[in-house]
Amino acid sequence: MSDCIFCKIANKEINSDFVYEDDEIIAFKDINPQAPIHILVIPKKHIESIIDLTDEDEMLVGKMYTAVRKIAKKLNIEESGFRLIVNCGKDAGQEVPHLHFHILAGKKLGTKII
Ligand code: 5GP
Ligand code: ZN
């Protein structure tokens, strides 16, 4: 989608600090990190949120989790651990309407998620 910031990042129209890429997925550092490690994992295809996924996207979502595992290994957080967060819609405060996983890591995270 032409006016979507994450589509522009995926198309390399905007400079970003990429940590992973394959045919369908790309991951980069969050511009406003909430933890020492804060990575966003997105499908290259524009999908607004979890609610907009279709049955055809099942494989793609699986690949997003595989990408998370590979990124965790690459960033050396597979043993120390990380938190995976997906905001969906306005009550969750989703700011960017392009599906993304947040990977948060690099310190002992708080126990609360709300
Ligand atoms: P949401 O609230 O939609 O779940 O999270 C959106 C995330 O995208 C926020 O953590 C925000 O800091 C990040 N973000 C927004 N615009 C940009 C950008 O242009 N580049 C990068 N790297 N991250 C962005
Ligand atoms: Zn998009």
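Being a predicted model, the structure only gives us computed values, none of them experimental. All ligand and atom numbering here is 1-based and tracks the order in the structure.
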Polar-atom distance check: I31 versus ligand 1, any N or O pair below 3.5 Å?
-> yes
Heavy-atom nearest option to atom 3 (O) of ligand 1, drawn from K8, H38, E95 | E95
Give the contacting part of V86 toward ligand 1: side chain, backbone, both or neither, where contact means a heavy-atom distance below 4.0 Å.
-> neither
Mark the output for G93 as yes if a heavy-atom distance to ligand 1 is under 4.0 Å, and as no if none is.
-> yes
Which residue from H100, Q34, H98 reaches closest to atom 6 (C) of ligand 1 through any of its heavy atoms?
-> H100
Any donor-acceptor pair under 3.5 Å from T66 side chain to G62 backbone | yes
Atom name, H98 (N, O or S, nearest to the Zn ion (ligand 2)) = ND1
With atoms numbered from 1 as shown, which atoms in ligand 1 lie under 4.0 angstrom from a non-hydrogen atom of I5?
-> 19 (O)
May I ask you to list the atoms of ligand 1 that are less than 4.0 angstrom from any heavy atom of H102?
-> 1 (P), 4 (O), 5 (O), 7 (C), 10 (O)
Using a heavy-atom cut-off of under 4.0 Å, does the side chain or the backbone of K29 touch ligand 1, or both, or neither?
-> backbone
Quickly, which of K44, K63, K45 forms a salt bridge (Lys or Arg N to Asp or Glu O under 4.0 Å) with E24? Name it, please.
-> K63
Should the proximity of F18 to ligand 1, defined as any heavy atom under 4.0 Å, be assigned to the side chain, the backbone, both, or neither?
-> neither
Enumerated ligand 1 atoms positioned under 4.0 Å from heavy atoms of N32 = 12 (O)
Within reach of ligand 1, part of L40 (heavy-atom separation under 4.0 Å) | side chain
Tell me which one of N87, V96, I39, D30 gets a heavy atom nearest to atom 9 (C) of ligand 1.
-> D30
Please verify whether a non-hydrogen atom of I9 lies at under 4.0 Å from ligand 1.
-> yes
Give the C-alpha distance, both sets of side-chain angles, the deciding distance and a yes or no for side-chain contact (heavy atoms from CB on, under 4.5 Å) between H38 and H102.
-> CA-CA 7 Å; H38 187 169; H102 295 257; 2.8 Å; yes
